Amino acid sequence: MQTTTTADQNKKALAELNLVLAQRQKFIKVHAAEYLIWTGHAQVALKEFLQQDKLYHNEPKYRITIWRVLEQADTDPVRKKKWLNNIYEAYKDMNGPDRTHATETLAKLKQPVATLFPEITAKTMAAADRNLATYALWADSYGSETRMVANREKLLNMALTDTNVIIRRISTFVLRKEQGLSMPQWERLVTAAMAMSKTDELYVTFLSTALVTAPAGASTHQLALIDALITSNIKPYSVAVRTELALALAEKGTKKHLNLLMGMLENKDCEGIYDPASDEGADLRAAAAFAILKINSRKH
């Protein structure tokens, strides 16, 4: 692949994010908006999602993600409070259609729901819907270091031992978001990841989680091995797994990963895996663009 300058990489990545924001719908648009916000381009996301709110403020589930984008992008303190209050109201409606999305969103926004709404949070953690209960466990962590530590251990145990693959996937996602694993906890995660077959559907999930959550003092040899295992041959990876890898590299990638990410941005090796015109293809390109901008913004 032809070498490109940092400026060229950034220009192409930013153009792709703006394209996905403008042309895609719903949750793919949300991802592009958040990537723009997180790389210092909040204004374009704000403009687009103020319009999305006008169009879809009555649409359950999607409206929660609209308000999440607006809460992060808006600099007007009155409107910012309005977006957050909208999500609070959805969270408090125990019989409403937005419960899971509101719970996950408040966790992503690190809102101390256990302090603000203790009874609702306790009931949500005990929900029969296990996806909802797992997101509630994450949300419960904010506002108390004691709860954060206890819940992190619970989430790690769920990731390692739960019989439900979706719960294991959600738990690893939360661990990546929360960070803070102790060295013994991280070593348990690495041991489990290394014991997996390469054909296991959570193989890349566990290894990328180990890469992202490595505590200070983690073995550089082990980290290099994990890096090599997940990046040396991505051709067999599904579009979802490639997207997951791109997001891990956004957190922990370095300049050496830029060619790989530029390949994702340019739909390299997509034949038989995904259609570049699909929403999944757009979502992958957006994640790769985000990772490129994050890596190029870091001091190396």
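Everything numeric here is computed off the predicted structure, so don't read it as measured data. Excluded from the calculations below are hydrogen atoms, water molecules and symmetry mates; all remaining heavy atoms, backbone and side chain alike, are included.
Evaluation of the salt bridge (charged side-chain N to carboxylate O under 4.0 Å, His left out) rule for E201 yields R169 as partners, not counting sequence neighbours. Residues meeting the salt bridge (charged side-chain N to carboxylate O under 4.0 Å, His left out) test with K256, sequence neighbours left out: D227. Residues meeting the salt bridge (charged side-chain N to carboxylate O under 4.0 Å, His left out) test with E89, sequence neighbours left out: K92. The ring-ring contact (aromatic ring centres under 6.0 Å, His included) test applied to F173 returns W138, not counting sequence neighbours.
For the side-chain contact (heavy atoms from CB on, under 4.5 Å) criterion with E71, the lone passing option out of N86, T105, L109 is L109. Partner of R242 under the side-chain contact (heavy atoms from CB on, under 4.5 Å) criterion, chosen from L247, D269, V204: D269.
The closest side-chain heavy-atom distance from R130 to I170 is not below 4.5 Å. Two residues are said to be in side-chain contact when any heavy atoms from C-beta on lie closer than 4.5 Å; K80 and L70 fail this criterion. Within the 4.5 Å cutoff, no side-chain heavy atoms of K29 are placed close to those of V69. The closest side-chain heavy-atom distance from I120 to M94 is below 4.5 Å. When side chains are defined from C-beta on, F206 counts as touching L160, because their heavy atoms get closer than 4.5 Å. Contact annotation: the side chain of R99 never approaches that of P60 to less than 4.5 Å [non-hydrogen atoms, C-beta and beyond]. Put simply, the side chain of T134 reaches to within 4.5 Å of the side chain of L155, judged on heavy atoms. Inter-residue side-chain proximity for K54 and F49 is flagged as unmet; no heavy-atom pair is nearer than 4.5 Å.
We find that R168 and D162 are not joined by a salt bridge, their nearest charged nitrogen and carboxylate oxygen being 4.0 Å or further apart. A salt bridge between E34 and R68 is present, with a side-chain N of the basic residue lying under 4.0 Å from a carboxylate O of the acidic one. Between R176 and E251 there is no salt bridge, since no side-chain N of the basic residue sits under 4.0 Å from a carboxylate O of the acidic one.
Distance NZ/K82 to CG/D74: 9.5 Å, rounded to 0.5 Å. Distance check: M194 CE to L189 CG gives 10.0 Å after rounding to the nearest 0.5 Å. Atom NE2 of H31 is separated from atom CZ of R24 by 13.5 Å, given to the nearest 0.5 angstrom. Here the CG-OG1 distance, from N259 to T4, works out to 7.5 Å after rounding to the nearest 0.5 Å. Here the straight-line distance linking atom NE2 of H101 with atom CH2 of W67 works out to 12.5 Å at 0.5 Å rounding. Atom CG of L249 sits about 9.5 Å away from atom CG of L258, to the nearest 0.5 Å.
Distance alone, capped at 3.5 Å, places no donor-acceptor pair between the H257 side chain and the G253 backbone. Looking only at distances, no side-chain donor or acceptor of T172 sits under 3.5 Å from a matching main-chain atom of T205. Between the side chain of R147 and the backbone N or O of D140 there is at least one donor-acceptor pair closer than 3.5 Å. Side-chain N or O atoms of K61 include none that pairs as donor or acceptor with a backbone N or O of D98 at under 3.5 Å. Although no hydrogens or angles enter the test, the distance criterion places no donor-acceptor pair under 3.5 Å between the side chain of N267 and the main chain of C270.
Of all the heavy atoms in D76 and V78, the pair that sits closest is OD1-N, 2.9 Å. Across all non-hydrogen atoms, the minimal contact from L245 to I230 is CD2-O, 3.5 Å. Summarising the geometry of G281 relative to V239, their closest heavy-atom pair is N-CG2, 4.3 Å, with the distance given to 0.1 Å.
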- Task: Under the side chain to side chain contact (heavy atoms under 4.5 Å, CB included) rule, what do Q43 and L46 come out as? Steps first, then yes or no, please.
- Result: CA-CA 5 Å; Q43 279 304 114; L46 176 62; 3.9 Å; yes
- Task: May I have the step-by-step check of side chain to side chain contact (heavy atoms under 4.5 Å, CB included) for K252 and L223, ending in yes or no?
- Result: CA-CA 11 Å; K252 293 293 184 178; L223 287 171; over 6 Å; no
- In sequence, state the C-alpha distance, the side-chain angles, and the governing distance for M264 and Y237, and then conclude on side chain to side chain contact (heavy atoms under 4.5 Å, CB included). CA-CA 11 Å; M264 293 182 188; Y237 291 176; over 6 Å; no
- Verdict with supporting geometry, L137 and M158, side chain to side chain contact (heavy atoms under 4.5 Å, CB included): CA-CA 11 Å; L137 184 64; M158 288 159 64; 3.9 Å; yes
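Sorted by first and then second residue, the ring pair (Phe, Tyr, Trp, His ring centres under 6.0 Å) pairs involving residues 262-296 (not counting sequence neighbours) are Y35-F290, W38-F290.
Between the side chains of R152 and S141, no donor N or O sits under 3.5 Å from an acceptor N or O. A donor-acceptor contact closer than 3.5 angstrom is absent between the side chains of Y91 and Q111. For the residue pair S197/D200, the side-chain donor-acceptor check at 3.5 Å is not satisfied. In this model, a donor atom of one side chain and an acceptor atom of the other lie less than 3.5 Å apart for R188 and N157. Side chains of Q52 and Y62: a donor-acceptor N/O pair is present below 3.5 angstrom, by distance only.
Hydrophobic clustering (side-chain heavy atoms under 4.5 Å, transitive across Ile, Leu, Val, Met, Phe, Trp, Tyr) groups I234 together with L284. Hydrophobic cluster membership differs between F27 and V20, with clusters built from Ile, Leu, Val, Met, Phe, Trp and Tyr side chains linked at under 4.5 angstrom. Both I64 and L84 sit in one connected hydrophobic cluster of ILVMFWY residues. Membership requires side-chain heavy atoms under 4.5 Å apart, directly or through other members. When the side chains of ILVMFWY residues are joined at heavy-atom separations under 4.5 Å, either directly or via intervening members, L116 and L132 end up in two distinct hydrophobic clusters. A chain of hydrophobic side-chain contacts below 4.5 Å, direct or via other Ile, Leu, Val, Met, Phe, Trp or Tyr residues, connects L260 to M262.
For K26 and Y56, the positive end sits near the middle of the six-membered ring, less than 6.0 Å away and at most 45° from its axis.
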Extract all donor-acceptor atom pairs below 3.5 Å that involve side chains of residues 11-19 and protein atoms in other chains or at least two apart in sequence.
{"residue": "K12", "atom": "NZ", "partner": "E266", "partner atom": "OE2", "Å": "3.0"}
{"residue": "E16", "atom": "OE2", "partner": "R285", "partner atom": "NE", "Å": "3.0"}
{"residue": "N18", "atom": "ND2", "partner": "L14", "partner atom": "O", "Å": "3.1"}

